[in-house]
Amino acid sequence: MFSSDFDFQIPDYQRPYAWQEEQASQLLMDLQEALDRGTDEPYFLGSIVLVKDGGAPRAEVIDGQQRLTTLTILLSVLRDLTEDADLRGDLDRLVMEPGAKIRGLAPRPRLTLRRRDADFFEKHVQTKGAVDTLLELQEDSLRTDAQKAVLRNATALHRSLTALPEERRLALAQMLAERTFLVVVSTPDLDSAHRIFSVMNSRGLDLSPTDIFKSQIIGDLDEETSTRRPPRRAPSPGRTPRRCWGVTTSRSSSSTFV
């Protein structure tokens, strides 16, 4: 998923990041249980729904924000805990697109949150070495509930991972890179994406028709501050999606981690 093939963007009309410590810790627990089974069988983290136009990397996340954000926090904590410089670099490349100096391309995050939280997330999570600074912040100093959730979950994951030996953290990172998968459902437009979303069962937090309706109102009031025009109507639950979407299975590696 976290590769040059995907430039994940959380649209402004999406609800903010909202996973709690229980859900973040459960994700880590599930991954560790899969690791303990000692097999090479793939581990599936469910599906995500994207609006993605052909081969262009930009991908708007319709469903899957909670997992993508939590996975980014997990990878960032693993990166900043390791004393192995090579492993730190490998993990950093999963979190940040390294860019190319010869082409004048600056590094950029592989996942961009909503505008209210994007700068905070990049500065305090995605930037190499930033997690220690994040953990020093006081929750009441943060501007949004999403930022507070990021802090709480990073703290919980950091506490759990610090208790593990370096060899165990390495094995976990290797499992994430080699045999952890998400099913990617992509479609070129919002209408079909929301129809697909309405009939899929996900482990994340659902985007309700009310959220979509609110996004329409906000977009009508201030189109200039909206990155994409929100959908014209809320999806009708149970409707069958049209054949205008693709499904791929990608693994969490340096080349394909979705």
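Here, residue 1 is the first one in the sequence, and each next residue gets the next number. The figures that follow rest on heavy atoms only: side chains count, while hydrogens, waters and symmetry mates do not.
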Legend entry - Sequence neighbours excluded - salt bridge (charged side-chain N to carboxylate O under 4.0 Å, His left out) pairs with any residue from residues 144-167: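 Applying salt bridge (charged side-chain N to carboxylate O under 4.0 Å, His left out) to every pair that reaches into residues 144-167, excluding sequence neighbours, yields E21-R159, E139-R152, E166-R169.
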Legend entry - Residue pairs passing the salt bridge (charged side-chain N to carboxylate O under 4.0 Å, His left out) test where at least one lies in residues 78-89, sequence neighbours excluded: R79-D92
Quick one: closest heavy-atom pair of [X] and [Y], and the distance?
| X | Y | answer |
| --- | --- | --- |
| A118 | T112 | CB-CG2, 3.9 Å |
| L137 | L151 | O-CD2, 3.7 Å |
| P16 | A146 | CB-CB, 3.8 Å |
| L182 | S47 | CD2-N, 4.4 Å |
| R114 | P11 | CG-O, 3.6 Å |
| D132 | H158 | OD1-NE2, 4.2 Å |

In the structure I gave you, are the side-chain heavy atoms of [X] and [Y] within less than 4.5 Å of one another anywhere?
| X | Y | answer |
| --- | --- | --- |
| D30 | L45 | no |
| E122 | M96 | yes |
| T69 | V125 | no |
| L68 | F8 | yes |
| F121 | Q126 | yes |
| W19 | R67 | yes |
| L71 | T180 | no |
| V185 | D63 | no |

Point-to-point distance, once rounded to the nearest 0.5 Å, from [atom1] of [X] to [atom2] of [Y]:
| X | Y | atom1 | atom2 | answer |
| --- | --- | --- | --- | --- |
| I62 | T187 | CD1 | OG1 | 9.5 Å |
| L31 | L35 | CG | CG | 8.5 Å |
| T70 | Q20 | OG1 | CD | 10.5 Å |
| S25 | L157 | OG | CG | 6.0 Å |
| Q65 | E60 | CD | CD | 12.5 Å |
| L134 | T127 | CG | OG1 | 11.0 Å |

Inset, instruction - Could you tell me whether a side-chain N or O of Q147 sits under 3.5 Å from a main-chain N or O of R143, the two making a donor and an acceptor? - result: yes
Legend entry - Q66 side-chain N/O to A18 backbone N/O, donor-acceptor pair under 3.5 Å: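 Yes.
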Legend entry - Working for side-chain contact (heavy atoms from CB on, under 4.5 Å), residues D117 and V150: CA-CA 10 Å; D117 302 310; V150 167; over 6 Å; no
Inset, instruction - Give me the one residue out of K52, R108, R58 that meets salt bridge (Lys or Arg N to Asp or Glu O under 4.0 Å) with D7. - result: R108
Inset, instruction - For the pair F120 and H124, name the ring-plane relationship: parallel under 30°, tilted 30 to 60°, perpendicular over 60°. - result: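 Ring orientation, 0 to 90° scale: tilted.
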Legend entry - CD (Q138) with more than 12 external heavy atoms under 6.0 Å: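 Counting other residues, nucleotides and ligands, CD of Q138 stays at 12 neighbours or fewer.
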